[in-house]
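Worksheet: the structure to be examined is printed underneath.
Values in this document were obtained by computation on a predicted structure and should not be read as measured data.
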Amino acid sequence: MFPTFSLRYARLPARFYERFEPVPVSTPRLVAFNRPLAEALGFDLAAFDEQQATAWFSGNALPPGAEPLAMAYAGHQFGVFVPRLGDGRAVLLGEVVDRQGRLRDIQLKGAGRTPFSRGGDGRSPLGPVLREYLVSEAMHAMGIPTTRSLAAVTTGERVFREVPRPGAILTRVAASHIRTGTCQYFAARGDVDALRELAGHVIERHYPALGELPEGERYVALVEAVQERQAALVAQWMGVGFVHGVMNTDNMALSGETIDYGPCAFMEAYDPRTVFSSVDEGGRYAYANQPWIAQWNVARFAETLLPLIDDEQERAIERATAVIEAYPARYEAEWLAVMRAKLGLEREEENDRALVEALLEAMRADRADFTLSFRHLCDAAESPAADPQLVELFEQPDAIEAWLTRWRERLTRETAGPGVIAARMRAVNPVYIPRNHRVEQALAAAIDEDDFAPFEELREVLARPFEEQPGREAYTQPASLQEQVFRTFCGT
């Protein structure tokens with residue numbers, strides 16, 4: 001049933017990881033299984049055996065070829081460097097080659113106490129497992145690079161946090177689990193040989209074209225390539241109102257995927273200062289700060305590679321700094337491309353940024369719903385008769401009505417007609433997002449009542465975020481005052 005496993009990461013020196021087998025659980029139960037993803041990974045679904053799958057996804061048995069290990073890494077957590085973190089509750093089972101020929105990591109999250117657990121129990125409550133499953137798959141459906149969720153298993157055991165909670169394990173799929181913090185782990189130890197080997201591994205796996213460059217150029221190009229992916233990724237987050245919540249350097253994947261869905265959430269009323277994480281009291285990772293935190297994280301990555309970039313430190317710093325200083329222009333281009341698409345614009349004009357900012361300011365002033373504003377704009381692109389449903393999201397209509405006139409004048413310089421523009425906009429402006437109250441309702445039903453029907457329905461809705469789904473209009477609506485979720489928690 002399982003595709004053939006290998007683990008190239010295990011061929012790296014032993015100081016890159018700790019060998020560790022998942023800790024068995026008492027009574028595992030498979031509560032979610034991502035069949036389309038399994039098919040893409042090369043699973044033989046015709047031979048699917050739920051009992052065997054449950055054993056594998058719980059860690060009670062190992063798939064053939066698995067070489068489980070916990071990866072070593074460090075990281076800046078809320079700006080404070082911690083030299084030794086590592087997989088405290090995650091076990092990398094191995095890698096598979098999917099049907100497109102791509103290498104994919106298979107990891108169990110919540111699989112027990114590892115040598116990196118730092119006193120933790122290595123387990124996960126059910127809530128964070130289901131949250132990551134829902135949000136990561138929703139991000140994938142919206143076309144945003146992300147780790148994915150293959151399965152969720154309840155363990156039959158309790159996890160003790162503030163109160164006892166049902167335990168669970170998530171099977172996560174990623175292009176790789178190598179982070180900025182992985183490089184920081186070896187840089188903090190002055191282990192240049194390990195850094196060179198790790199950088200070579202990253203280049204081979206994610207940026208193979210760089211392997212043809214001379215060695216000195218190769219590592220500068222690696223920083224630039226990682227930076228480009230991070231700029232593009234965060235621009236996409238901003239385009240859907242996503243707030244990651246904990247952009248520590250150990251949560252920045254060098255592959256350019258969104259990773260580690262802890263206290264994440266989607267903004268409803270537009271406010272650039274939006275923060276959800278219960279531990280982010282200073283707003284370090286607020287919505288508007290995400291682009292610049294990404295730049296800060298890339299700068300920390302660049303620091304780790306300085307000994308590889310040039311033997312002369314000052315020259316290495318100068319070359320790395322030139323790359324980092326190019327980030328604002330790169331991000332600006334990525335963000336403008338995202339926002340132009342959301343507004344139905346294919347041509348590039350000098351005043352487009354001002355047009356976008358004027359809309360966002362009108363939304364901010366009236367706390368208009370981010371997702372509905374852009375979705376209703378799709379209908380307005382097709383016909384001015386649809387304007388009222390957009391305008392009613394604003395308490396003071398003057399600003400948005402003036403903006404609509406300005407936008408329509410801009411659309412006259414597009415070559416496509418209204419129908420084509422509207423269709424184009426509907427393909428990038430979701431109607432369904434994982435609204436926080438809907439996620440919490442699904443989690444509460446599963447945790448408190450062992451009822452996974454709300455989770456399954458929400459998962460089905462989010463699998464088609466750009467399509468109108470008759471009968472599911474309630475999933476488009478923001479939370480009522482009683483349903484609003486202001487704080488989210490990591491759950492570790």
Begin from the C-alpha positions of Thr171 and Gln107 and carry the test side-chain hydrogen bond (donor to acceptor under 3.5 Å, both in side chains) through to its verdict.
CA-CA 6 Å; Thr171 303; Gln107 183 195 67; over 6 Å; no
Excluding sequence neighbours, so at least two apart, what forms side chain to side chain contact (heavy atoms under 4.5 Å, CB included) with Leu336?
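Only Glu332, Arg340, Arg353 meet the side chain to side chain contact (heavy atoms under 4.5 Å, CB included) criterion with Leu336.
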I'd like to know if [X] pairs up with [Y] as an ion pair, taking the criterion as any Lys NZ or Arg NE/NH1/NH2 lying under 4.0 Å from an Asp or Glu carboxylate oxygen.
| X | Y | value |
| --- | --- | --- |
| Arg218 | Glu215 | no |
| Arg364 | Asp271 | no |
| Arg104 | Glu95 | no |
| Asp98 | Arg102 | yes |
| Arg300 | Glu303 | yes |
| Asp105 | Arg172 | no |
| Glu217 | Arg319 | yes |
| Lys109 | Asp87 | no |
| Glu39 | Arg99 | yes |

On the ring face of Trp403, is Arg408 found with NZ or CZ under 6.0 Å from the centre and within 45° of the axis?
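No, Arg408 and Trp403 do not form such a contact.
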Regarding Arg438 and the six-membered ring of Tyr475, is the cationic atom NZ or CZ under 6.0 Å from the ring centre and inside 45° of its axis?
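Yes - Arg438 lies over the ring of Tyr475, closer than 6.0 Å to its centre and within 45° of its axis.
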Do the side chain of [X] and the main chain of [Y] share a donor and acceptor less than 3.5 angstrom apart?
| X | Y | answer |
| --- | --- | --- |
| Glu132 | Ser149 | no |
| Thr258 | Pro145 | yes |
| Asn289 | Gly283 | yes |
| Lys342 | Gly239 | yes |
| Gln290 | Phe242 | yes |
| Asp448 | Ala445 | no |
| Glu414 | Arg347 | yes |
| Arg229 | Gly256 | no |
| Arg35 | Phe33 | no |
| Asn297 | Thr180 | no |

Using the ring centroid of each side chain, check whether Trp237 and Tyr287 are separated by less than 6.0 Å.
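So the answer is no for these two rings.
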When the ring centroid of Tyr73 is compared with that of Phe116, is the distance short of 6.0 Å?
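Ring centres of Phe116 and Tyr73 not closer than 6.0 Å.
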Can you confirm whether the side chains of Asn34 and Glu137 place a donor and an acceptor under 3.5 Å from each other?
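Judged by distance alone, the side chains do pair up.
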Donor-acceptor side-chain pairing of Gln184 and Thr249 below 3.5 angstrom:
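Yes, a side-chain donor-acceptor pair sits under 3.5 Å.
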More than 12 heavy atoms of other residues, nucleotides or ligands under 6.0 Å from [atom1] of [X]: is that the case?
| X | atom1 | value |
| --- | --- | --- |
| Arg273 | CZ | no |
| Gln477 | CD | yes |
| Glu212 | CD | no |
| Glu318 | CD | no |
| Gln389 | CD | yes |
| Glu314 | CD | no |

Students often mix this up, so state it plainly: with edges at 30° and 60°, are the rings of Tyr285 and Phe78 parallel, tilted or perpendicular?
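Ring orientation of Tyr285 relative to Phe78: tilted.
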According to ring pair (Phe, Tyr, Trp, His ring centres under 6.0 Å), does anything in residues 415-435 pair up with another residue at least two apart or in another chain? List the pairs.
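Passing the test, one end in residues 415-435: no pairs.
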Please report the shortest heavy-atom distance between Leu195 and Cys183, naming the atom on each side.
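Taking Leu195 first and Cys183 second, the nearest heavy atoms are CD2-O, 3.4 Å.
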Partners of Gln469 by side-chain hydrogen bond (donor to acceptor under 3.5 Å, both in side chains), sequence neighbours excluded?
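Arg464, Arg472.
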